[in-house]
Amino acid sequence: MWPSLAWKGQSLTLIDQRLLPHQEIYTECRTGEEVAQAIEKMVIRGAPAIGVAAAYGVVLAIQKSEDKKSLQGNFECIISRLKQTRPTARNLFWALERMEQTFKAYYSRSVQEIIHRLEEEAQLIEKEDVETNRQLGDHGASLIPAGSTVLTHCNAGALATAGYGTALGVVRTAFAQGKIERVYACETRPFLQGARLTCWELAKENIPVILITDNMAGWLMKQGKISLVITGADRIAGNGDAANKIGTYSLAVLAREHHLPFYVAAPLSTFDFSLRTGQEIPIEERDPREVRELNGQLISLKDIPVENPAFDVTPASYITAIISERGVAYPPYSESLPAWSKRGSCP
Ligand code: MRU
């Protein structure tokens, strides 16, 4: 497994995910602002991974504070900066809220102790993410029958988390149990997380993977080549509606048409019980050049109008089951999810 990030005490090392799979280049963030820019530019991406990175970004931004006043100023400044980086993934806000609670809890202590406690909290967020992914992997693998061929979208693997992965965590565990024959990875236009990252991760572990373009999924389902679909999520509303990478909704509709199970795997840090439905989930709109260009090469008219929503919302009615570290929830989600809500936002 290849961790997306490594904390070095005075800096945060990130593998530059924009350059994979051809170059494995590591970059050092030494300030909170550098972490914010890394999240915006997708050096690091994936809902849980950006939450963990943001927590370390807070530590970098406050580390050199000399007195309470500058500590408070630096803290407030970086929290608000990081909250502006990407709007959709709940995990980012969840991690920053944990840092805010820790700051509040230790505010009466010395500057050095507050910094130390915040560093500990960021490390805990990272450690817990790997643990929850492994638990989620065990729960999810129990749903996978032997001999399965699994379709996944985007990258919900070790790179998208602090390690192991959510949807790919389920795949890893089920593969180790001998249940998975092969994985189909959708390329995931426009940013190609499937082609670049999921294929790279699975190939490194010798998990058989076949790359397809996004528009091939329906035909493969029709031919009986796919047993089930599993994806991650960026934010799940209280009723089970799930935001994930653009194209996920289309796969859920296709899975329904072909009578295939459609599973969503996500830790509780992805759930937003303050939202009643998925309609309230903010959807990030990204740079039009991502659609007009491929690998920096213009593939259409240079000023053609473009829409580029980075995520879509799959209605709960299309989701066969939702997997978290707490187990497996089935519809109706308005009845099954509230049991998870107590630990949903913050510890
Ligand atoms: O834009 P990205 O690459 O950050 O989007 C990532 C996804 O949509 C993932 O599927 C999601 O974050 C789950 S990752 C465990």
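Below, all heavy atoms of this structure are taken into account, side chains as well, without hydrogens, waters or symmetry copies. None of the values given here were measured: they were computed from a predicted structure. Read the numbers this way: they start at 1 and go in the same order the structure lists the ligands and their atoms.
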Between [X] and ligand 1, find which residue part has any heavy-atom pair under 4.0 Å and reply side chain, backbone, both or neither.
{"X": "P48", "answer": "side chain"}
{"X": "H153", "answer": "neither"}
{"X": "F191", "answer": "neither"}
{"X": "C154", "answer": "side chain"}

Original post:
Less than 4.0 Å between a side-chain N and a carboxylate O, is that true for E120 and R117?
Top reply: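 Judged by the 4.0 Å cut-off on N to carboxylate O distance, R117 and E120 do form a salt bridge.
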**OP:** Would you mind checking if R98 and E128 are paired as a salt bridge, meaning a charged N to carboxylate O distance below 4.0 Å?
**Re:**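 A salt bridge is present here (some side-chain N lies under 4.0 Å from a carboxylate O).
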Original post:
Can you find an N/O atom of A47 closer than 3.5 Å to an N/O atom of ligand 1?
Top reply: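 Yes.
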**OP:** Name the option, out of R86, R286, M42, that contains the heavy atom nearest to atom 4 (O) of ligand 1.
**Re:**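 It is R86 that holds the nearest heavy atom.
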Subject >> Candidate with minimal heavy-atom separation from atom 1 (O) of ligand 1, of K245, R45, Q17 >> reply: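 The nearest heavy atom belongs to K245.
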Of all the non-hydrogen atoms in the protein, which one sits nearest to [atom], and at what distance?
{"atom": "atom 9 (C) of ligand 1", "result": "N244 OD1, 3.4 Å"}
{"atom": "atom 14 (S) of ligand 1", "result": "A160 CB, 3.5 Å"}
{"atom": "atom 13 (C) of ligand 1", "result": "A233 O, 3.4 Å"}
{"atom": "atom 8 (O) of ligand 1", "result": "D234 OD1, 2.9 Å"}
{"atom": "atom 15 (C) of ligand 1", "result": "T166 OG1, 3.0 Å"}

Subject >> Polar side chain donor-acceptor pair, N155 to T198, under 3.5 angstrom >> reply: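 There is such a pair between these side chains.
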**OP:** Could you tell me whether the side chains of Q135 and E131 share a donor-acceptor contact shorter than 3.5 Å?
**Re:**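 No pair is found: no donor N or O on one side chain lies under 3.5 Å from an acceptor on the other.
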Original post:
With a 4.0 Å cut-off on heavy atoms, does A310 reach ligand 1?
Top reply: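 Flag not set, A310 not near ligand 1.
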**OP:** Could you tell me the separation between the CZ atom of R172 and the CD atom of Q177, rounded to the nearest 0.5 Å?
**Re:**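 Going from the CZ atom of R172 to the CD atom of Q177 covers 14.5 Å.
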**OP:** Please find out if less than 6.0 Å separates the ring center of F75 from that of F103.
**Re:**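 Yes, the ring of F75 comes within the 6.0 Å limit of the ring of F103, centre to centre.
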